[in-house]
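Written below as structure tokens is the structure these notes are about.
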Amino acid sequence: MNLDPSDLDLLTRIRGCTICAEKMIPDPRPVLSWHPDGRILLIGQAPGSKVHASGVAWQDASGNLLRTWLGVDDEQFYDPRLIALVPMGFCYPGKGKSGDLVPRPECAPQWHEALRERMPKVRLTLLIGRHAQNYYLGQNGYRTLTENVRNFTEFAPDYFPLPHPSPRNRPWLAANPWFKTEVLPALGRRIGEALKG
């Protein structure tokens with residue numbers, strides 16, 4: 001994959017980032033998949049422990065379900081010229097009392113703008129989970145993730161909010177059947193349009 005020197009330098013700096021090293025257990029290991037030609041920008045939460053170990057974004061149960069939602073295969077998903085995978089926090093934040101800790105707050109302000117301004121071909125930005133939605137929707141977002149997702153059309157064409165596909169969210173999916181019947185078909189159409197041509 002060819003990158004010009006400035007893009008390669010940006011990726012190298014992100015992958016070597018240690019701005020939160022003093023607050024991290026385990027040590028930082030930034031994970032992303034990015035190319036300036038990406039057509040879809042997928043902004044997630046933060047890597048889990050399996051992704052921290054492998055260094056491959058979304059290579060876990062959450063990623064499997066997410067690819068089903070998007071209607072893409074592994075080859076498409078991991079081609080950064082099609083889909084860029086950029087988390088809110090680039091490193092695994094560690095384990096908390098009821099799951100993984102929240103994404104580190106330093107990453108998005110430090111790196112997102114530089115990545116996004118180098119992606120002129122982006123046709124769709126997916127906001128996976130509450131942290132991404134809070135950051136990007138701000139005052140335009142609703143009070144809850146459920147309301148953001150249910151009212152997804154209000155954020156078009158810039159953003160498409162989605163719940164996190166974690167196995168921990170199975171109760172949410174069961175309690176909100178409209179997500180499968182209304183949101184996923186619309187998501188599939190948007191993905192198809194973004195990847196076309």
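If you read the sequence from its start, that first residue is 1, and numbering goes on from there.
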Please answer: with hydrophobic residues joined when any side-chain heavy atoms are less than 4.5 Å apart, are [X] and [Y] in the same cluster?
X      : Y      : answer
Leu8   : Trp111 : yes
Val102 : Leu145 : no
Leu10  : Ile43  : yes
Val183 : Ile191 : yes
Ile19  : Met88  : no

Could you pull out the closest heavy-atom pair between [X] and [Y], with the gap in Å?
X      : Y      : value
Cys91  : Pro30  : SG-N, 3.4 Å
His164 : Asn169 : O-ND2, 2.8 Å
Asn148 : Tyr142 : OD1-N, 2.7 Å
Ala84  : Trp34  : CB-CD1, 4.1 Å
Glu106 : Arg104 : OE2-NH2, 2.8 Å
Pro47  : Val31  : CG-CB, 4.1 Å

Can you tell me how far the [atom1] atom of [X] sits from the [atom2] atom of [Y], to the nearest 0.5 Å?
X      : Y      : atom1 : atom2 : answer
Asn140 : Gln133 : CG    : CD    : 13.0 Å
Met119 : Arg116 : CE    : CZ    : 9.5 Å
His52  : Asp27  : NE2   : CG    : 7.5 Å
Arg190 : Arg123 : CZ    : CZ    : 11.5 Å
Ser33  : Ile83  : OG    : CD1   : 9.0 Å
Arg81  : Gln76  : CZ    : CD    : 12.5 Å

- Give the C-alpha distance, both sets of side-chain angles, the deciding distance and a yes or no for side-chain contact (heavy atoms from CB on, under 4.5 Å) between Leu41 and Leu115. CA-CA 10 Å; Leu41 175 57; Leu115 290 168; over 6 Å; no
- Task: Anything under 30° is parallel, anything over 60° is perpendicular, the rest tilted; go ahead and classify Trp58 against Phe77.
- Result: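 Plane angle over 60°, so perpendicular.
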Flag side-chain contact, heavy atom, 4.5 Å: [X] against [Y]:
X      : Y      : result
Pro167 : Ser62  : yes
Leu126 : Leu187 : yes
Leu124 : Phe160 : yes
Asp74  : Arg67  : yes
Pro165 : Ile128 : yes
Leu11  : Leu3   : yes
Leu195 : Ile40  : yes

- Is it true that Asp7 and Arg118 have a side-chain N and a carboxylate O under 4.0 angstrom from each other?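 Judged by the 4.0 Å cut-off on N to carboxylate O distance, Asp7 and Arg118 do form a salt bridge.
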- Message: If you apply the rule side-chain contact (heavy atoms from CB on, under 4.5 Å), what do you find for Cys17 with Phe90, and how did you get there?
- Response: CA-CA 9 Å; Cys17 179; Phe90 290 100; over 6 Å; no
Test item: [X] side-chain N/O and [Y] main-chain N/O as donor-acceptor pair under 3.5 Å:
X      : Y      : result
Thr18  : Ala21  : no
Asn176 : Trp178 : no
Arg29  : Tyr92  : no

- Item | Any residue meeting salt bridge (Lys or Arg N to Asp or Glu O under 4.0 Å) with Asp60, in chain and number order, not counting sequence neighbours |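 Counting only residues at least two positions away or on another chain, Asp60 forms no salt bridge (Lys or Arg N to Asp or Glu O under 4.0 Å).
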- Identify, with sequence neighbours excluded, every residue that meets salt bridge (Lys or Arg N to Asp or Glu O under 4.0 Å) alongside Arg13.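 With sequence neighbours excluded, Arg13 shows a salt bridge (Lys or Arg N to Asp or Glu O under 4.0 Å) to Asp9, given in chain and number order.
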Indicate whether any N or O donor in one side chain lies under 3.5 Å from an N or O acceptor in the other, for [X] and [Y].
X      : Y      : value
Thr146 : Trp172 : yes
Tyr78  : Gln59  : no
Tyr135 : His112 : no

- Task: Give the intermediate values and the outcome of side-chain contact (heavy atoms from CB on, under 4.5 Å) for residues Leu32 and Arg15.
- Result: CA-CA 8 Å; Leu32 76 159; Arg15 289 181 173 140; 4.1 Å; yes
- Item | Verdict with reasoning, Phe152 to Phe179, per side-chain contact (heavy atoms from CB on, under 4.5 Å) | CA-CA 10 Å; Phe152 68 94; Phe179 176 71; over 6 Å; no
- Query: Do other residues, nucleotides or ligands put more than 12 heavy atoms under 6.0 Å from the CD atom of Glu113?
  - Reply: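 For Glu113, atom CD is not crowded (no more than 12 foreign heavy atoms under 6.0 Å).
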- Could you check Thr125, Val86, Leu70 and say which one makes a side-chain contact (heavy atoms from CB on, under 4.5 Å) with Leu42?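 The option that passes is Leu70.
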